[in-house]
Structure formats: structure tokens, C-alpha cells
Amino acid sequence: MHMSVTEPKSKLTDLIRRAAAGDKVILARHGHPAVRLVPVEAVQSKVDRRAILEKLMREATPTPGPCAARSADFLFDEDGLPA
């Protein structure tokens, strides 16, 4: 459902009810989407996913990579001059 920002002033209760029921409610300003009404449960589930991701990132063990001190060796010859 799309509507202008000025319309919902009289329909706010109905719009909240519809958003809570799962309808997409998008309010537009000058013909461009400006605000989306979403139920609080949807926002909380994003927080839970973020907490899980942060926990996984804390527990992850880094894998060793190539030595940074030797990473540019291919640019130079045996005498230390640019190749």
C-alpha cells in the first residue's frame, strides 16, 4: 500500500493495524517512498540476527595468510631493483 504522507493523519490507527498484520505500508513524500511502517517483531528479529552474527565474529579464529613483509618481493629482482 502506497500513500502520500499527508493522507495517514486520519487513518493512522488503520495503517498501524495493517502493518502489524503484515501488509507493506509505505508512505511517500512528493511521489517518492519516504517511510515504511513495519511491526516491532520484524525489527527485533534483525537485532537477534545481528547479535548472532557478532557472536560468530567474536568466536571466529583467523586463518594465517601470507607474510606481509615478503608480499612485494615479486616487484624487485635479485639485486633489489625494480623488475
Side-chain angles (χ1 to χ4, degrees):
M1 161 186 285
H2 290 265
M3 66 175 47
S4 170
V5 173
T6 58
E7 274 185 75
K9 290 179 183 178
S10 63
K11 301 178 184 180
L12 186 59
T13 303
D14 181 50
L15 293 175
I16 292 171
R17 194 174 298 127
R18 291 181 75 165
D23 286 352
K24 286 185 178 180
V25 179
I26 299 173
L27 306 179
R29 179 176 288 147
H30 305 294
H32 299 287
V35 176
R36 179 179 56 201
L37 296 179
V38 294
V40 172
E41 295 83 33
V43 173
Q44 288 175 344
S45 68
K46 284 185 181 181
V47 171
D48 294 339
R49 282 184 269 159
R50 180 176 297 265
I52 291 169
L53 180 61
E54 288 174 354
K55 180 183 175 195
L56 289 173
M57 294 297 288
R58 279 193 309 269
E59 295 172 356
T61 56
T63 57
C67 176
R70 310 297 297 175
S71 64
D73 283 353
F74 70 95
L75 297 173
F76 303 97
D77 64 12
E78 296 168 1
D79 298 323
L81 298 173

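Owing to the predicted nature of the structure, the values given are computational and were not obtained by experimental measurement. All heavy atoms count here, side chains included; hydrogens, waters and symmetry mates do not.
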(message) Can a donor-acceptor pair be found, under 3.5 Å and without considering hydrogens, that links the side chain of Asp23 to the backbone of Val25?
(response) no

(message) Quick check on the hydrophobic clustering: are Phe76 and Phe74 connected, directly or via other members, by side-chain heavy-atom contacts under 4.5 Å?
(response) yes

(request) To the nearest 0.5 Å, tell me how far Glu78 CD sits from Asp73 CG. (result) 11.5 Å

(message) Using 0.5 Å steps for rounding, measure from the CG atom of Leu53 to the CZ atom of Arg58.
(response) 10.0 Å

